[in-house]
Colleague: 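Structure incoming, see below.
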Amino acid sequence: MSTPDHSSRRPAARRLLLGAGVLALGLSLAACSRDGAQGFLNNVTSTGGLTVKRDVSYGPDARNVMDIYAPQNAQGAPVVLFVHGGSWQNGDKDGHKFVGESLARAGYVAGVMSYRLAPQNVYPSYVQDAAQALKVLRADAKTFGGNPDNLFVMGHSAGGFNAVEMVDNARWLAEVNVPVSSIRGVIGVAGPYSFDFRTFQSAVAFPTGATPDEIMPDRHVRADAPPHLLLVAQNDDTVEAYNGVNMERALRAAGVPVELKVLPRVGHITIIAAMSRPLTFLGDTRAQVIRFIEERRLK
């Protein structure tokens, strides 16, 4: 009797095992810590074939640094500044290598920044850091093949607040002489744009005695703000959905184009983990971000 040939079944079996492993990873990401998820994603993220410049200084503080990721031989590419989350008290650029790589593979020049943290630094220091980083990224854009007038700003969680506040409050761009007309769009991912910080642990990130009316991005939207994409995680148990709803309402009232999209299945961490190219099965984050940039970019 001849020996059965199972070779044709092996690739399918390997694909099945790989798929099961990836699925298990996705399910575990929802329950694991932010640091654990980021560490894993960064370990499996390769920047081979990209131009990467690390620790670009944009200010005097030790945390005023960003990493820049770019496609090789880019010309006139959109430029995206990404601002990390962490309740204004944790996180850094190093934990978001996977975001920079993902944006660069899509054809964009991406700056992934760190900023000064609370409680040592309170509002508006971290918003001013975002504005200063954008100024430096814009000045360096051509070096990496980017277009300095084809800017996008993106942030997750507290970084979403920083990104939206930095652009929508006319004060911050004026301080660094960046024209709002150079910004083609703002992308907020699970951002807290409209909450009473006084009742949360994150109160340490804001001045004593301050009120939401003085600080929240939805309270002072400039009429000439660029279009916004607000992504909300359906299963977010950290930042409630009303933040996106209230921000959308404020932008519409000011006549600013805005899209609010609730992404199914994802939570507060997995909505940004889904920016990682191997984890796009978790949710639609990366596809939505790329679609928005492609629709709004200078051609």
Side-chain angles (χ1 to χ4, degrees), residues 34-35 38-39 42 52-69 79-101 103 109-141 151-178 180 183 186-193 195 197 200-207 210 214-217 238-239 243 268-269 272 275:
R34 183 195 309 266
D35 291 342
Q38 291 172 350
N42 287 329
V52 181
K53 186 173 182 181
R54 302 196 184 280
D55 298 320
V56 176
S57 176
Y58 67 82
D61 192 84
R63 286 187 59 90
N64 291 157
V65 288
M66 63 179 158
D67 297 337
I68 300 177
Y69 302 79
V79 178
V80 186
L81 176 67
F82 177 78
V83 192
H84 70 80
S87 298
W88 300 281
Q89 300 162 72
N90 302 287
D92 55 34
K93 64 179 180 59
D94 297 333
H96 293 81
K97 170 185 172 183
F98 68 96
V99 176
E101 185 269 350
L103 291 167
V109 175
V112 179
M113 65 174 288
S114 294
Y115 52 86
R116 289 173 290 171
L117 298 176
Q120 293 82 6
N121 302 279
V122 300
Y123 174 94
S125 61
Y126 39 77
V127 179
Q128 291 172 309
D129 283 355
Q132 186 62 32
L134 185 65
K135 177 180 180 178
V136 171
L137 183 61
R138 184 171 186 256
D140 290 349
L151 302 179
F152 291 82
V153 181
M154 175 182 176
H156 169 242
S157 192
F161 171 101
N162 296 3
V164 171
E165 166 69 6
M166 182 256 289
V167 176
D168 289 347
N169 186 336
R171 172 182 171 183
W172 311 122
L173 292 180
E175 282 188 355
V176 295
N177 296 313
V178 171
V180 70
I183 302 174
V186 180
I187 303 164
V189 183
Y193 322 106
F195 77 113
F197 53 84
F200 290 85
Q201 185 273 340
S202 55
V204 298
F206 301 93
E214 296 172 292
I215 290 175
M216 286 297 113
T238 301
V239 174
N243 284 276
H268 191 68
I269 294 177
I272 193 62
M275 273 298 296

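For the single chain, residues carry numbers from 1 onward in sequence order. Predicted model, so just to flag it, every value in this text is computed and none were measured.
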Colleague: Measuring from L117:CG to W88:CH2, what's the distance to the nearest 0.5 Å?
Modeller: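 L117 CG to W88 CH2: 12.0 Å, rounded to 0.5 Å.
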Colleague: Return the CD to CG distance between E101 and D67, rounded to the nearest 0.5 Å.
Modeller: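 That separation rounds to 13.5 Å.
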Colleague: Using the side-chain contact (heavy atoms from CB on, under 4.5 Å) criterion, which residues pair with V204? Sequence neighbours excluded.
Modeller: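 Partners of V204 under the side-chain contact (heavy atoms from CB on, under 4.5 Å) test: Q89, P119, Q201.
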Colleague: Under 3.5 Å, is there a donor-acceptor pair between the side chain of D94 and the main chain of K97?
Modeller: no
Colleague: Check residues 163-174 and write down every donor-acceptor pair under 3.5 Å in which the side-chain atom is one partner and the other belongs to a residue at least two apart or another chain.
Modeller:
residue : atom : partner : partner atom : Å
E165    : OE2  : Y123    : OH           : 2.8
E165    : OE2  : N169    : ND2          : 3.0
E165    : OE2  : W172    : NE1          : 2.8
D168    : OD1  : H228    : NE2          : 3.0
D168    : OD2  : H228    : NE2          : 2.9
N169    : OD1  : R171    : N            : 3.2
R171    : NE   : E175    : OE2          : 3.1

Colleague: If you round to the nearest 0.5 Å, how far is CZ of R63 from CD of Q120?
Modeller: 10.0 Å
Colleague: Under the criterion side-chain contact (heavy atoms from CB on, under 4.5 Å), I'd like the reasoning laid out for I187 against V80: C-alpha separation, chi angles, the key distance, then a yes or no.
Modeller: CA-CA 10 Å; I187 303 164; V80 186; 5.7 Å; no
Colleague: Quick one: does S87's side chain get under 4.5 Å of T238's, heavy atoms only?
Modeller: no
Colleague: On a heavy-atom basis, which atom in L137 and which in M66 lie closest, and how many Å separate them?
Modeller: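 Answer, listing the atom of L137 first, then M66: N-CE, 3.6 Å.
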Colleague: As an exercise, state the distance from CZ of F161 to CZ of F195, rounded to the nearest 0.5 Å.
Modeller: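 Going from the CZ atom of F161 to the CZ atom of F195 covers 7.5 Å.
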Colleague: With sequence neighbours excluded, tell me which residues meet side-chain contact (heavy atoms from CB on, under 4.5 Å) with N121.
Modeller: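 Counting only residues at least two positions away or on another chain, N121 forms a side-chain contact (heavy atoms from CB on, under 4.5 Å) with R116, S125.
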Colleague: Can the ring centroids of H84 and Y115 be said to lie less than 6.0 angstrom from one another?
Modeller: yes
Colleague: Testing the basics here: between A141 and V79, what is the closest heavy-atom pair and its distance to 0.1 Å?
Modeller: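 Nearest heavy atoms, A141 then V79: CB-CG2, 3.9 Å.
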Colleague: Once rounded to the nearest 0.5 Å, what's the spacing between atom CZ of R138 and atom CG of L81?
Modeller: 13.5 Å
Colleague: Under the rule for side chain to side chain donor-acceptor pair (under 3.5 Å), what residues qualify as partners of Y69, not counting sequence neighbours?
Modeller: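 Per chain and number, Y69 pairs via side chain to side chain donor-acceptor pair (under 3.5 Å) with R54.
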Colleague: Output the distance between atom CE (M113) and atom CZ (F82), rounded to the nearest 0.5 Å.
Modeller: 10.5 Å
Colleague: Test of understanding: with salt bridge (Lys or Arg N to Asp or Glu O under 4.0 Å), list the residues that count as partners of D61, not counting sequence neighbours.
Modeller: none
Colleague: Can you sort out the partners of D140 under salt bridge (Lys or Arg N to Asp or Glu O under 4.0 Å), two or more places apart, ordered by chain and number?
Modeller: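 With sequence neighbours excluded, D140 shows a salt bridge (Lys or Arg N to Asp or Glu O under 4.0 Å) to no residue whatsoever.
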Colleague: Using the test side chain to side chain donor-acceptor pair (under 3.5 Å), find all partners of Y58 that sit at least two apart in sequence or belong to another chain.
Modeller: N64
Colleague: For residues K135 and V176, report the shortest heavy-atom separation together with the two atoms involved.
Modeller: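 Distance-wise, the nearest heavy atoms are CD-O, 3.3 Å.
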Colleague: Can you check whether G86's main-chain N or O pairs, donor with acceptor, with H156's side chain at less than 3.5 Å?
Modeller: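 A pair under 3.5 Å: no.
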Colleague: Taking all atoms of both residues into account, what is the closest heavy-atom pair of G191 and N243, and its distance?
Modeller: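 Nearest heavy atoms, G191 then N243: O-CB, 3.4 Å.
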Colleague: Identify the heavy atoms of S157 and P192 that sit nearest to each other, and give their distance.
Modeller: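 Smallest interatomic distance, heavy atoms only, reads O-CD, 3.0 Å.
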Colleague: Looking only at heavy atoms, what is the nearest atom pair of A205 and Y126, with distance?
Modeller: O-OH, 2.8 Å
